[in-house]
Amino acid sequence: MLRTSSKILRPIREKVEAGERLNLDDGVLLYSNDVPLPELGELANLVRERKNGNFAYYNINTHLNPTNICVYRCTFCAFRSDLRDAKGYAMSDEQILARGQEAVSAGSTEMHIVGGLHHQAKYEWYRNVVSLLHENFPTLHLKAWTPVEIDWFARQTGKSIRWVLEDMMDAGLGSCTGGGAEIFHPEVRDQICEHKADSSRWFESHRTAHELGLRSNCTMLYGHIEKPYHRIDHLIRLRELQDASLQKGWGGFQTFIPLAFHPENTGLSHITKPSGPMDLRTMAISRLMLDNVPHMKAYWIMLGVGTAQIALSYGADDIDGTVRHELIYHDAGAETPEVLSVEKIRRVIEEAGREPVERDTLYRRVERDESGWRVGEAIAVGG
Ligand code: V47
C-alpha cells in the first residue's frame, strides 16, 4: 500500500496494486505534469521491489565500437563519421585484440559491441570482430550489434536475418544489444532516421534472436522531437513482442534502457536535453508500462551518476556496468566519467540504499575470489 494518493493517479494506482496492465491512455496521462512525480516514483518502486526486491545489479564490462564510419545520417547521432573525416576510424585486428586483453585484465565478463555501418567493410569484417574476440577471449560474453546492424548485414549478404544471427552465433555472439530502437512510430522515425531498419525489421531481428535462444535488451531514445503518445506507443510495441516471446516460453527481452537524448554535436543540437525530473518520470512510466520485462536499467553514463542513483527508487534495478571506452554518449556531450571502478559502482548503489549484486550479461550472479570469477545461480525475478 502506498503512503500518498492524488486523485489523478488513483485509478492507475488501483490497477498497479491489483497487478493489472496499463493501457495507452494511462501511459499518456502519466506524462502529465499534473501527476506528482514523487507519487509516480513510489508506484514504480512498488513494481520494482515486487520484481527485484532491494537488489541493484551491475556488471564489469568494456565497450568496443569497431568503426564510427556510417552510411546512415541519423540526426541524433554525434558518433558517426564519414570516411574522410579526421575522426573517422576502423579498428585493426591488433586494436581489437588489445581491447579484448584490456577487458579481460580488468575482470570484465562482457564486451558490448556496436558501431557504424562502414560502406567499404564487408560482412566478413564484422564477423571477424566477433570470432577474433571469441577465439582469443572465450570467457568474455559478446553482447553485440543492434537490429540496425543485423538488417544491414542481411542486406549486404543477400541472406535472411535468421541466417545472419545464426552465423554470428557460430562466430561467438552471446546476446544482442537493445540499440537502434529510437522511436518506432513512423511520424518520428521518418524524421530522425528514415533510411535505417524500420520498426518491422527491428522487431523481426529481436523476434528471430529470441527464437534462436538469444537474449536481448530493448531501448527507447526520448527527449527529442517525439511526444508522450509516441513514447507510450513505443513501450506498448515492446510489451507486445515480449508477450509473444513469453507465450512461446522465451521472454527474450531482459532489460529495458530508456536513453535520454544528448544534443551536443548532433543535427538536433538546438534541442535542450531532458531534465532530471523528465528522466525519472520516463524511468517510472517505463517500469509501469513494461510489466513483462524483468529489469530496467539506469544507464549511469547517460543519466549521470546522481540521477542514476535516484532512478534506483523510480523503477530501475540495474545501473549497467563499470564501462570503459564508451563513445556514443561522450561524443554527444556526456560529462560522466569514462569508467567507474568496482568499488565506486558498489558505493554508488549502496548510497542509494540498495544492495549491489554483480551479474553477468544473462543475469546470473557472478562470484569472485583470488583465482578469478565464475557464474553462480540465475537471479530469480518476482511477478
Ligand atoms: O541506438 C545515439 C542512442 C543507442 C545518441 O543493450 C543516443 O545493454 C542519446 O543502445 N543521445 C546506442 N542517445 C546505445 C545503446 C545501449 C546503451 C547501453 C546499454 C545497452 C544494452 C544499449 O544510443 C543508439 C541510439 O538510440 N543514441 N546517439 C544521443 N546523441
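Note: hydrogens, waters and symmetry copies are ignored here, and every other heavy atom, side chains too, is used. Position 1 is the first residue of the sequence, and the numbers go up from there. Not measured: the values here are computed from a predicted model. Remember, it's 1-based here, ligands and their atoms both numbered in the order they're listed.
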Backbone, side chain, both or neither: what part of Ile328 comes under 4.0 angstrom of ligand 1, heavy atoms only?
side chain
Logged contact type for Met302 with ligand 1, heavy-atom cut-off 4.0 Å, is neither
Might you work through the side-chain contact (heavy atoms from CB on, under 4.5 Å) test for His230 and Ile225, ending with a clear yes or no?
CA-CA 10 Å; His230 300 117; Ile225 60 165; over 6 Å; no
For the residue pair Ser371 / Arg368, report whether a side-chain donor-acceptor contact shorter than 3.5 Å exists.
no
Which one holds for Ile257 and ligand 1: side chain close, backbone close, both close, or neither close, with close meaning a heavy atom under 4.0 Å?
side chain
Going by the side-chain contact (heavy atoms from CB on, under 4.5 Å) test, name the single residue among Glu264, Glu326, Lys87 that passes it with Asp331.
Lys87
Best match, Tyr222, Phe79, Tyr329: closest heavy atom to atom 13 (N) of ligand 1
Tyr329
If you measure every N or O of Lys143 against every N or O of ligand 1, does any of those distances drop under 3.5 Å?
yes
Where does the angle between the aromatic ring planes of His295 and Tyr363 fall among parallel (under 30°), tilted (30 to 60°) and perpendicular (over 60°)?
parallel
List the closest protein heavy-atom neighbour of atom 5 (C) of ligand 1: residue, atom name, distance to the nearest 0.1 Å.
Phe76 O, 3.7 Å
Can we say Asp151 and Arg201 salt-bridge, meaning some charged N sits less than 4.0 Å from an Asp/Glu carboxylate O?
yes
Give the numbers and elements of all ligand 1 atoms closer than 4.0 Å to a heavy atom of Gly180.
1 (O)
At what distance is the nearest protein heavy atom to atom 26 (O) of ligand 1, and which residue and atom is it?
Glu182 OE1, 2.4 Å
Tell me, please, whether Phe253 has Arg239 positioned over its six-membered ring: NZ or CZ under 6.0 Å from the ring centre and within 45 degrees of its axis?
no
Which protein non-hydrogen atom lies closest to atom 4 (C) of ligand 1, naming both residue and atom, and how far is it?
Leu259 CD1, 3.7 Å
Shortest protein heavy-atom distance from atom 11 (N) of ligand 1, along with the residue and atom involved
His262 N, 2.8 Å
Report the part of Thr177 in contact with ligand 1, treating N, CA, C, O as backbone and CB onward as side chain, heavy atoms under 4.0 Å; options are side chain, backbone, both, neither.
both
Any Ala260 heavy atom less than 4.0 Å to ligand 1:
yes
Centroid-to-centroid, His112 to His63, below 6.0 Å?
yes
For Gly178, the atoms of ligand 1 under 4.0 Å from one of its heavy atoms are 6 (O)
With heavy atoms of Ala332 as the reference, note each atom of ligand 1 found under 4.0 Å away.
30 (N)
Ring-face cation contact, Tyr31 with Arg231, 6.0 Å cut, 45° max:
yes
So if I count the atoms of ligand 1 from 1 in the order they appear, which ones are less than 4.0 Å from some heavy atom of Gly179?
1 (O), 10 (O)
Check the orientation of His185 and Tyr229. Use parallel for under 30°, tilted for 30 to 60°, and perpendicular for over 60°.
perpendicular
Test your reading of the structure: does Lys297 have an N or O sitting under 3.5 Å from an N or O of ligand 1?
yes
With heavy atoms and a 4.0 Å threshold, my read on which part of Ser216 contacts ligand 1 is neither
Relative to the heavy atoms of Leu221, which atoms of ligand 1 are at a distance of less than 4.0 Å?
7 (C), 9 (C), 13 (N)
Using a heavy-atom cut-off of under 4.0 Å, does the side chain or the backbone of Tyr299 touch ligand 1, or both, or neither?
side chain
Give the intermediate values and the outcome of side chain to side chain donor-acceptor pair (under 3.5 Å) for residues Glu149 and Thr146.
CA-CA 5 Å; Glu149 285 149 314; Thr146 70; 3.2 Å; yes
Side chains of His141 and Ser175 only: does a donor on one sit below 3.5 Å from an acceptor on the other?
yes
Looking only at protein heavy atoms, which one is nearest to atom 19 (C) of ligand 1, and what is the separation?
His112 CE1, 3.7 Å
What residue among Val357, Leu340, Val342 forms side-chain contact (heavy atoms from CB on, under 4.5 Å) with Tyr58?
Val342
